[in-house]
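Here is the structure we will look at, set down as structure tokens.
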Protein chains: 2
Amino acid sequence: MSNIKGKGQCRTCAIRQLSIFALLPEANLTEIQHFQPSIMTFASNEAVYHQGEVATCAYTLRQGLIRLVKTLPNGRTQIVRLIRAGDSFGFDGFIGEPYNHSAIPLCEIEVCRLPLAELLALKRQHPEIESAMMKRWIQHLREAEDMMVELGAKKASERLASFLIRWCEPTGFNGWIELPLSRGEIGELLGLTIETVSRFISDWKRQGLIEERQGRIHLLDPERLQALACVDD
Amino acid sequence: MSNIKGKGQCRTCAIRQLSIFALLPEANLTEIQHFQPSIMTFASNEAVYHQGEVATCAYTLRQGLIRLVKTLPNGRTQIVRLIRAGDSFGFDGFIGEPYNHSAIPLCEIEVCRLPLAELLALKRQHPEIESAMMKRWIQHLREAEDMMVELGAKKASERLASFLIRWCEPTGFNGWIELPLSRGEIGELLGLTIETVSRFISDWKRQGLIEERQGRIHLLDPERLQALACVDD
DNA sequence: CGCATATTTGAAGCCCATCAAGCGAAGTGG
DNA sequence: CCACTTCGCTTGATGGGCTTCAAATATGCG
């Protein structure tokens, strides 16, 4: 179950430099009086918030991985974004709208809950926060555009190869990389069925393109995957 | 060909109240010295900028309609957003990245070109601009999420019905609505082929759901289309 | 009018979803 | 320790939805 661990301390926060608060002057962190975010933990699959709820708080992920999911009335779902440590999400309240998606942890997670009213005040005191947020949004919009190309213009194998590349890219494709998404979740993200995802992964394992052991993956031939992915540039 | 019509005058701009500059105090508009955006016109299909170019300017659309398009190396394309009068676009330079897409007019257009350096300075003077921009981005991110659901979780007919509904919604479905997109462009937007788009539109015309005359469309039965669209909430 | 372009319609085939069954690893209880 | 369940993954078979290819028809424009 969800659980409030206590009040957050920006000054000692391990992921602050990853967050939109990275540029806050270190000296000022103690004088932030009214901003007391709560640190909360959630179990895997326990929603941080649900699509349609009134959006009173934004969140910064401190640990773990979250999927933002939209659900259609008929039950079909689409993962619209994956949230990693340092990412912030749930800002719909800033434009007076309810959450546009549900935030569902992929594993046990820890978040910092930011009441929008307080964040708004803090943002006025420290314009660098708004600048940092703006940059994040531009980046997210770019990623959303990229994802639309994946979903709209690519075939199943291309989407999957592209996803694996993007997932493993940060490590330079070296060694075994944690892949905490089930086949079904990868499918939800790429607009495919679990069977299609499984078939291609199995194929590629047989062909020696990738290998997998206990939730970890290793790209043996990134170049050939890249070619399959139909990458741009 | 593209053409610079002259310097923009925020004070007399007809679409300013639609733009991110809506909240600028009317009195201050004359004292903005260093911000002299150019008004430019472009012909249909004449790119305002291309994917991959260095992003030195953002733009606000004054008149017409623009598609933001991403192209894969193999030539497949995806429209990632439609730009209407009052919308701003092309902010990639704010994070030091080249344009992530090409901006291609769907008809003759008129834009206001905003050099990023000047916009940055203006933004510092007038924090309300940044707030306005932030709200736009949140909105665009929501729309991008919605689009990902369309592309990832819906069938051809659902995507098309949903698109027609969204296009005609602002008018309350009354009367004939301008539809300046070709079948091919609708396909590019929805991740479908021109033939698939044409087939469903023809079907729906025969069934009396919609009618069309010289680039205008009229939804005769929005409820049944809505049902076809698989809409959320 | 005559040409170019957009749209419609048909036919064939492929990609992927769907349905169904089997496999394997982890956990439970007798 | 082993039957039994459970759950995620794999694999096969089938069908349908959409793409692709092709050609006819409609539309617009000089």
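Note on naming: letters A, B, ... go to the chains in the order of the sequence lines (proteins, then strands), and numbering restarts at 1 for each one.
- Judged by atom type and distance alone, A/Glu195 reaches the base of C/dC19 through a side-chain donor-acceptor pair under 3.5 Å.
- What separates CD1 of A/Ile210 from P of D/dC9 is a distance of 13 Å, to the nearest Å.
- Side chains of B/His218 and B/Glu211: a donor-acceptor N/O pair is present below 3.5 angstrom, by distance only.
- Ring-plane geometry between A/Tyr99 and A/Tyr49 is classed as parallel, the angle between the planes falling under 30 degrees on a 0 to 90 degree scale with a further cut at 60.
- Going from atom CG of B/Leu179 over to atom P of C/dA6 covers 15 Å, rounded to whole Å.
- Residue A/Gln214 contributes atom CD, which lies 12 Å from atom C1' of C/dA25 at whole-angstrom precision.
- When the P atom of D/dC18 is taken as reference, atom CG of B/Leu190 falls 12 Å away, rounded to whole Å.
- Cation-pi geometry between B/Arg216 and B/Trp167 is not satisfied (NZ or CZ under 6.0 Å from the ring centre, within 45° of the ring normal).
- At the phosphate of C/dT18, neither OP1 nor OP2 sits under 4.0 Å from any side-chain N or O atom of A/Thr193.
- Of the possible polar contacts, none joining the A/Arg67 side chain to the A/Ala103 backbone as a donor-acceptor pair under 3.5 Å is found.
- B/Gly191 comes within 4.0 angstrom of the backbone, heavy atoms only, and of no base.
- OP1 or OP2 of D/dT10 sits under 4.0 Å from a side-chain N or O of A/Lys205.
- Atom pair A/Arg183:CZ and C/dC23:P shows a separation of 19 Å (rounding to whole Å applied).
- Comparing D/dC18, C/dT7, C/dA20 against the side chain of B/Ala156 picks out D/dC18 as the nearest.
- The phosphate of C/dT9 (OP1 or OP2) has a side-chain N or O of B/Arg206 nearer than 4.0 angstrom.
- Proximity of A/Thr196 to the phosphate of C/dA17: a side-chain N or O atom is located under 4.0 Å from OP1 or OP2.
- Checking C/dC16, D/dC9, C/dT7 against the side-chain heavy atoms of B/Ile194 singles out C/dT7 as nearest.
- Residue contacts for B/Ser198: at a heavy-atom cut-off of 4.0 Å it reaches a base atom on one of the strands shown.
- Side chains of A/Glu110 and A/Thr41: a donor-acceptor N/O pair is absent below 3.5 angstrom, by distance only.
- B/Ile201 places its CD1 atom 9 Å from the P atom of C/dT7, with the value rounded to the nearest Å.
- Regarding contacts with the backbone of D/dC9, every side-chain N or O of A/Ser202 stays at 4.0 angstrom or more from both OP1 and OP2.
- If you take CD1 of A/Ile186 and P of C/dA17, they are 14 Å apart, rounded to a whole angstrom.
- The CZ-C1' distance, from A/Phe200 to C/dC16, rounds to 8 Å in whole Å.
- Along DNA chain C, the nucleotide nearest to B/Arg199 and the one nearest to B/Gly184 differ in position, and the one closer to the 5' end is contacted by B/Gly184.
- Of the listed nucleotides (D/dC21, D/dT19, C/dA17), C/dA17 has the atom at the smallest distance from the side chain of A/Leu192.
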